[in-house]
Structure formats: C-alpha cells, structure tokens
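Only this structure's heavy atoms are used, side chains among them; waters, hydrogens and symmetry mates stay out. Just so you know, ligand 1 is whichever comes first in the structure, and atom 1 is the first atom listed for that ligand.
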Amino acid sequence: MRYALTLLIALTALFSASLTGCKDKGNDAGGGGADEIRVGVFLSLSGANADFGKTTKNGIDLAVEEINEAGGINGKKLVIIAKDTRSKPEEAQTVAKQLASQDKVAVAIGSVESGQSIKAAPVFQEAGIPMVSPSSTNPDVTKQGDRIFRVCYLDDFQGQACAAFAYKDLGFRKAALIYAQDDDYSKGLAQYFREAFKGMGGSIVEEAPFQGDVSEFKDQVSKIAAAGPDVIFAPVYYAKIGLIARDFRKQGVTVPLVGGDGWESPQLIQLAGETLEGSYFGYHYDPDDQDAKVQGYLKAYSAKFGSDPNSLSALGYDAVYAVKLAIELGGGSSADQITEGLRKIKDFKGVTGTFSIDENRNAKKSITMLKIGGSNLSKVKVIKPEDLK
Ligand code: PHE
C-alpha cells in the first residue's frame, strides 16, 4: 500500500515549438486540417511550479500517443501545441491568446494552478474555444464562461474534506491557517477549510497569511506558535510547503500540517526533508485501485517515463480522453462540437475515478488523503462527496 515518491527526472524538453508548418487551415473554429485536431496545452513547464506542468504534460503525451497509435479519432490525429506559462497567471493569459488566435486550436487543456486558469479562461471563452482544466480546483475557474470545463473535484469539497479529516479522523479541535493571500487557490481553500472546521465545532486559533514570492515564514510561524494549535492547515504549493514546514520545526512546532492537492510533486520529500513527517495532504486518485484501467495506466506510464506517475499526470491523461469522448459525443472536432460533447459527458470512467460533467461544467470526485512517513506516502482515507453530506 505504500508507494515510493521517486524523483522525477525531467525527461524530455517539453517546450514544444508551436510551429507545425504553414498549412493554411482555412477553418477558424476547426482547429486543424482534414487529418488533425489541434489541442492547445498551457502549463507551468518552468518556474516555481514546473513540476506541475511537466508531470501533467507526461500524462497528456501518453494519452495522445495511445490515441494516435490506435488510429486517432474518426481518422484524425491529435496534435498538441504546448505553451509554457512559466508559473505565472499573466503569462497564462498571454499564451492563451496565442493558442486562440495564432494556433487556432480546437480545444485547450490547462492549467494546473487555478490562478492561471482563471486568467486564461476568458480568452478561450471569448474566442469560442472550449477549455478543460485537468486540475484547477477553485470554484471560480468554470464560472468564467459556458465553454470552461474541468475534470477534477472543487475546493469547496476539498476544504470540507480536509476539515472533516482533521476534525473527525485526527480528532483535532484547534487549527491554525497559513496561506498565500494573493493566490486564488490558496486563499480559497483556506476559506473553505475555515468555514467547515468552525461549522463542525472546531476553532481557528490563528491565521497567518503571507503575500508574494517569499521564502521566509518566521513571522507567520511565531504568530501561529503563540496560539498553540493542534493542527496547521497549509493550502500552498509544493515549493512553499518545504520552507514553511522547515520554519515551523525550527521554532519547535511539531504538530501535523495538513494540505490540499497543491503539495504534490515528485520532489516533495526532497524539498521538505523530514519536516513533513507525520503530515497529510489531499490527492486526486487512488493508485492502489485494482481496477484494470488504473493498473494499465500505471504500467504504461512507468514504461514510457521510467518513473511513477502521480495524480497530476493521471488528470492530464483523463483530460485528453475526456476530449476524445467529447469529439465522439459532439459529432466532430470543431470547437463548437467539442463544447457540445463535453457537456454531454456522463459516467466517464477515468484513471482518477468515474465522473459526469454537471450543469456547471464541473466534476464530482473523491479525494484520497495521504500521509507522509519516511520517504513514502501512504493512503489513509478516501473521502467521497456523499460522505460529507
Ligand atoms: N488544485 C490546484 C489549483 O487549483 C492545482 C493542483 C492540482 C496542484 C493537483 C497539484 C495537484 O491551483
């Protein structure tokens, strides 16, 4: 039941050039010539969150390779045009404009970070191009327009699940919060945790938000230490959690930290050392699932990349197969047909679970809580949406 967090070595140059030749497509919303379907991908392939983009891109590439090797979709091959958002929301907007107007993609997949997806979504919406986020969980993402979809759970659920886990399963009553005030994901998830934890009868004994790209958390830690919490909720990304945990341990605070999906990285253990020992975070799928689809994916991924897949790669993989199904359900590969098809997705069986696209273009899925121990992650609990009702 334990699976090693192996270090992912950046495997290939992921900065795919967006030039695929000068064929005149002629069809603005068609996203490709007669024999291809252009799929725009925008992810953090460099910068602070580069692991998010690289692992997601691996999952996307694997799915595209499988689909194209099997003959494509209705005889058309998927062509990926990937852009690097450099871990910046503004850059996500810039590359979205390029994908929409220069590359004329039929559909876009991205981003991981909610802040980026929220900035890019209006560009695609405006251009009439459907966008599918594999892993952006902030509720506002799909509120940007009726062509904006996602294939992951949402932060109102994730915040509630983390609060229920801390309160009911771990038995904690006094929580403190540390989060990035200027980040949609971090701020939003802190809010959902706060509401849910208080709603259950717990108290939030201290809050220590931070702002900007800081790497020192001394002040926030002193403030929280003085309040004596028995658990700390830290909805931040992987590059920050190691630094935050280090500062807590330096000041002698040893209570467990709990985080959301954002802690995920093949480098988590390396970055956090032993400081995250005994802490917990949320994950998007259950790699122990014996389902043939999950096990087949794990095998294919390891064979192609020589490393263990993670939930980001699984979500990228599922996003591509959701687009394939949408093309089939929508009756073609124009932007309009893919949008129609995405709206029709029901009981889609992915690696990250079975889900339907609801009327708000969201998916309802389970969260898997993992515990960090030694250099391993182990599954503690799977929380389903219906468990929290
Ligand atoms: N859910 C995070 C966000 O919305 C992104 C993320 C997903 C990060 C999965 C890691 C793993 O910003």
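Between Gln158 and Asn138, the closest side-chain pair of non-hydrogen atoms is not below 4.5 Å. For the pair His284/Thr368, no side-chain contact is recorded, criterion being any heavy-atom separation below 4.5 Å from C-beta on.
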Begin from the C-alpha positions of Glu328 and Asn74 and carry the test side-chain hydrogen bond (donor to acceptor under 3.5 Å, both in side chains) through to its verdict.
CA-CA 8 Å; Glu328 289 158 0; Asn74 303 330; over 6 Å; no

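Note on Lys381 versus Asp169: salt bridge recorded, some NZ/NE/NH1/NH2 to OD/OE distance being below 4.0 Å. At a threshold of 4.0 Å, the pair Glu274-Arg249 does not count as salt-bridged, since none of the basic side-chain nitrogens sits closer than that to a carboxylate oxygen.
Remark: Asp156 CG to Phe193 CZ distance equals 15.0 Å, nearest 0.5 Å. Separating the CD atom in Gln211 from the CD atom in Gln181 is a distance of 5.0 Å, to the nearest 0.5 Å.
The side-chain hydrogen bond (donor to acceptor under 3.5 Å, both in side chains) check on Asn362 picks up Thr142, Arg150, with sequence neighbours excluded.
Ligand 1 lies within reach of Tyr237, whose nearest heavy atom is under 4.0 Å from it.
Counting heavy atoms under 4.0 Å from ligand 1, residue Phe52 touches it through the side chain alone. When non-hydrogen atoms are compared, ligand 1 lies under 4.0 Å from the side chain of Leu312 (C-beta onward) but not from its backbone.
Atoms of ligand 1 lying under 4.0 Å from any heavy atom of Ser136, numbered from 1 in the order shown and given with element: 4 (O). Atoms of ligand 1 lying under 4.0 Å from any heavy atom of His284, numbered from 1 in the order shown and given with element: 7 (C), 9 (C). Below 4.0 Å from some heavy atom of Gly262 lie the following atoms of ligand 1, by number and element: 8 (C), 10 (C).
Nearest protein heavy-atom contact of atom 6 (C) of ligand 1 is Val112 CG1, 3.5 Å. For atom 11 (C) of ligand 1, the nearest non-hydrogen atom of the protein is Asp261 O, 3.3 Å. Counting protein heavy atoms only, atom 4 (O) of ligand 1 is closest to Ser114 OG, 2.4 Å.
Not a single N or O atom of Glu113, backbone or side chain, sits closer than 3.5 Å to an N or O atom of ligand 1. Every N/O-N/O distance between Asp155 and ligand 1 stays at or above 3.5 Å. No N or O atom of Ser311 sits closer than 3.5 Å to an N or O atom of ligand 1. Below 3.5 Å of separation, one finds an N or O of Ser135 facing an N or O of ligand 1.
Using bins of under 30°, 30° to 60° and over 60° for the plane-to-plane angle, the ring pair Tyr237/Tyr185 lands in the parallel bin.
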